[in-house]
Amino acid sequence: MHVNRRNFFKVLSVTGAALALGNEMKAAPKPKSSIEFSGILYDSTRCVGCQTCESSCSETNNLPAPDGTPAPGVVRKTDEKHRTVVNAFNTSKGEAFAKKQCMHCNEPACTAACLTKAMYKTKEGAVIWRGEKCMGCRYCMVSCPFDAPKFEYHSANPKIEKCTMCYSRIMEGKVPACAQNCPADALLFGTRRNLIKEARKRIVENPDKYVDHIYGEHEAGGTGFLYLSAVPFEELGFNTSLQPKSYPELSKGFLYSVPTIFVLWPAILLGIREATKNNQLNDEEHE
Amino acid sequence: MSNLEYTMAKDNDGQPIMRFLASEFKPRGRFLTPFNIISIPIMFLGLVLIIIRFWKGLGAVTNLTQEVPWGLWIGFDVVTGVAFAGGAYVLTFMVYILNIRKYHSIVRITVLNGFLAYVFYAGALLLDLGRPWNVINPIIGNSFGTSSVLFLVAWHFLLYMIAQLIEFSPAIAEWLGAKRARKILSGMTIAAVIFGITLSTLHQSGLGALYLMARDKIHPLWYNEFIPIMFFVSSIFAGLSMVIFEGSISNKVFSDQINEDHHKSHNGIVIGLSKICAVAMFAYFFLQVLVFIHGKRWELINTPMGYWYLLEMLGFVVLPMSLFFYSYRKNKIGLIKVASVITMIGVILNRLNVTVIGFRWDAAVRYIPTWMELVVTLAVIFTEIWIFRWVVNRMPVLRDSPSWVNEE
């Protein structure tokens, strides 16, 4: 290309302007995301165990219809064909129900465990599974304290199944299917912040009706699904011994030590090798 | 097979490379040995089961459940197998970093053993993947899950296999008679060793760190925040016990390949290794006791799992440790071999206790592997031994390097 004086200056000024502009754009403060984590508040005192959430979940996600009905003493579990189940419990205050599904943790163990970022915490708060990335190692299942991810063991092209908080519906501006269809208003969809406020309000207004505990506010570092109950949560089959720290915290210490070892070890090893070189000479003299 | 053939094969003097390779790939020696008679049907059965597994899904072959997603193939093949392959980094540390020449004669066979262990146990990992076609995702970089311990372990497996291949490659060059290549490759050994030891430190402990997030699922006697350190320390004596065990077998099976000097020095090597095992086991036991006392786990001892824990600690750590101590002071080679076998059983027990037996020990439906999982595991091990035998019979692993190596 022929470059004369005029062209040279033209190019120079355009490049300079682009660089200057580009820098300015980078340096400008990013607008803080206005999107907050969403969640669902489940009020066990309102739930009547009608399984509408289960059947609307199956319909929305093209899964088989619910298996069985809630009955005290029978523990139904979510599996690769059922993303949510409602169980009945005989509690100190009579029969009560509890819905189970993925808890959509604030800092999920499954996404920290995933080495391909197939398990993904969206900025809307839903934890979703992305099949095109997943290699099916099932480390998410090993790590999840709620045993939420389920695996299709009887498929040559297996998927991980779990509640996605109807992420596609959220993106369309709709409410998750279970919360949309609940006839007893036991499920409430909203931002996690507002749901906690609402839950507190219900506890304060009806101190006799509720135990003073929002399950999911602190459990496992906080979860997107929040629970209210009339009885202590152990009676509803919840694990109440979960740590209040998030689960990824457990392996953070190890992961942080990795770069240190990567820098220090080779240097130390080389040092030892140099320091022990005389051994080799001595050995050879002996031989 | 005559010695003359060997001399020709090992120097590859003037033979066209393709004809040389063709002759090398032909089987040698007696075919109907007891080992072959047992291993061949199992390998074929394993192959059939692997085909069924990819055709019908993992559930057709394994007993894995939604609560216990990792079973024998991870807990034994990968986690235990890699611990046994730890001998390679310990020995290269002693020979190339501490410059203890005494162990030089067994470095090659140990590195070969380690390399094949990684190839086959990483291979076993592929069998366990539900969607193995996506296995390259964390490698090619379209989705780096850098917060995952498994990401670290996967990368380290890959890099360590390359490091071990470089460490072993001079033997391949000698086999092919590639003099220039040998010179270049053996110049890379130290770098590969240092890199390899660093990687081993991290992924031996990383295999333990995989289970850190399963805090509520592993029996408290086996779960603690020091699992990574426990796994690292125990990989030292796991690997060395494997070296002692494998060495005593190799010395018999391949005795025609080993020169007299090495035969003589072997006992000295075994005694030296048993000393290191004893010390490493003492450190390990001390750590376990510290963790036990600090964790205030006394009330768990008087339960079935508690007895099981005591058996592991006393019967498979303290006992072989004492045997190692006793027999290296009294020069009892036979007893050292016994101790190494007990240690290996103990390491298997420990890894399975963390990954399978103690994992969801309270679940209503316990995971018990199917016979098919066992057969596939055996098939993987046998295939590895076949390749191992093939390499040892052809390359200068146990036998001396060809004469041209020293002439340079």
Side-chain angles (χ1 to χ4, degrees), chain A residues 77-80 109 111-119 130-139 141-145 147 149-160 239 241-243 247-248 250-251 253-255 257-258 261-262 265-266 269-270 272-273 276-280 283-284, chain B residues 54-60 62 64-67 69-70 93 96-102 125 128-138 142-154 190 193-195 197-198 201-202 205-206 208-217 225 228 359:
Chain A
K77 285 182 174 169
T78 57
D79 57 32
E80 70 275 23
T111 61
C114 187
L115 73 167
T116 60
K117 287 189 171 166
M119 276 292 173
R130 302 185 290 186
E132 77 281 5
K133 292 182 185 292
C134 175
M135 57 191 231
C137 70
R138 308 189 295 290
Y139 187 32
M141 301 168 70
V142 171
S143 304
C144 175
D147 275 340
K150 305 290 174 183
F151 182 78
E152 292 180 335
Y153 281 108
H154 292 279
S155 161
N157 181 11
K159 293 196 287 289
I160 296 278
N239 184 351
S241 65
L242 295 178
Q243 60 170 21
Y247 275 69
L250 290 167
S251 50
F254 173 78
L255 286 168
S257 72
V258 170
I261 288 181
F262 239 109
W265 247 229
L269 292 174
L270 264 179
I272 300 175
R273 179 179 151 77
T276 55
K277 258 197 173 152
N278 288 332
N279 289 359
Q280 197 175 341
D283 275 4
E284 276 159 14
Chain B
F54 280 109
W55 178 30
K56 296 252 176 183
L58 274 165
T62 70
L64 296 172
T65 64
Q66 302 292 355
E67 278 86 16
W70 283 359
F93 176 73
Y96 293 104
I97 305 298
L98 297 181
N99 283 306
I100 310 174
R101 304 300 294 172
K102 184 173 145 189
L125 198 70
D128 202 67
L129 291 183
R131 308 164 66 84
W133 49 91
N134 280 340
V135 73
I136 47 157
N137 274 353
N142 63 348
S143 22
F144 273 0
T146 44
S147 61
S148 170
V149 180
L150 194 59
F151 178 79
L152 174 114
V153 170
I190 295 303
V193 163
I194 288 178
F195 191 48
I197 295 170
T198 310
T201 314
L202 287 171
S205 49
L210 281 181
Y211 287 87
L212 284 176
M213 280 201 280
R215 174 180 164 274
D216 309 299
K217 302 184 183 182
E225 61 267 53
F359 192 89

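Note that this is a predicted model, so its numbers are computed, not measured. As a basis for the values below, the full set of heavy atoms in this structure was taken, side chains included, without hydrogen atoms, waters or symmetry mates. In what follows, chains are A, B, ... by sequence order, proteins preceding strands, each numbered from 1.
- Contacts between B:Ile97 and chain A at a heavy-atom distance below 4.5 Å involve backbone atoms as well as side-chain atoms.
- Looking at B:Lys56, the atoms closer than 4.5 Å to chain A (heavy atoms on both sides) all sit in the backbone: N, CA, C or O.
- Using a 4.5 Å cut-off between heavy atoms, B:Thr201 touches chain A through its side chain atoms alone.
- Counted by atom type alone, A:Ser241 and A:Asn239 present one or more donor-acceptor pairs between their side chains at under 3.5 Å.
- Checking side-chain atoms of B:Lys217 against main-chain N and O of A:Cys144 turns up a donor-acceptor pair under 3.5 Å.
- Of the possible donor and acceptor atoms, one in the side chain of B:Asn134 sits under 3.5 Å from a partner among the backbone N and O of A:Cys134.
- With a threshold of 4.5 angstrom between heavy atoms, A:Phe262 approaches chain B through its backbone and through its side chain.
- Heavy atoms closer than 4.5 Å to chain A are found in both the backbone and the side chain of B:Ala209.
- Contacts between A:Gln243 and chain B at a heavy-atom distance below 4.5 Å involve backbone atoms as well as side-chain atoms.
- Between the side chain of A:Arg138 and the main chain of B:Asp128, a donor-acceptor pair closer than 3.5 Å is present.
- With chain B as the partner, the residue from A:Met119, A:Glu132, A:Arg130 showing the most heavy-atom pairs under 4.5 Å is A:Glu132.
- At a 4.5 Å heavy-atom cutoff, B:Glu225 makes no contact with chain A through either its backbone or its side chain.
- Heavy-atom pairs under 4.5 Å with chain A were tallied for B:Val153, B:Leu129, B:Ile197; the largest tally goes to B:Leu129.
- Only the backbone of B:Thr65 comes within contact range of chain A, with heavy atoms under 4.5 Å apart.
- Counting all heavy atoms, side chain and backbone alike, A:Cys137 lies closest to B:Trp70 at O-NE1, 2.7 Å.
- Only the backbone of A:Thr111 comes within contact range of chain B, with heavy atoms under 4.5 Å apart.
- Counting heavy atoms from C-beta on, the side chains of B:Phe93 and A:Leu269 come closer than 4.5 Å.
- Open room surrounds CH2 on B:Trp55; 12 or fewer heavy atoms of other groups in view lie less than 6.0 Å from it.
- Of all the listed residues (A:Gly136, A:Pro149, A:Pro248), the one sharing the greatest number of non-hydrogen pairs under 4.5 Å with chain B is A:Gly136.
- Smallest separation of non-hydrogen atoms from A:Tyr247 and B:Arg215: OH-NH1, 3.4 Å.
- Each of B:Leu125, B:Asp216, B:Ile136 has some count of heavy-atom pairs under 4.5 Å with chain A, and the biggest count is that of B:Asp216.
- In terms of the side chain to side chain contact (heavy atoms under 4.5 Å, CB included) criterion, residue partners of A:Thr116 (sequence neighbours excluded) are, by chain and number, A:Cys114, A:Ala118, A:Lys133, A:Met135, B:Asn137, B:Pro138, B:Ser143.
- With sequence neighbours left out, the side chain to side chain contact (heavy atoms under 4.5 Å, CB included) criterion links A:Ala113 to A:Tyr139, A:Ser143, B:Met213.
- The contact between A:Lys159 and chain B is made by backbone and side chain atoms together, counting heavy-atom distances below 4.5 Å.
- For A:Leu255, the part lying near chain B is the side chain, with the backbone staying farther off; criterion is any non-hydrogen pair under 4.5 Å.
- Taking chain A as the reference chain and counting heavy-atom pairs below 4.5 Å, the highest number among B:Ile190, B:Thr62, B:Leu152, B:Val193 is found for B:Ile190.
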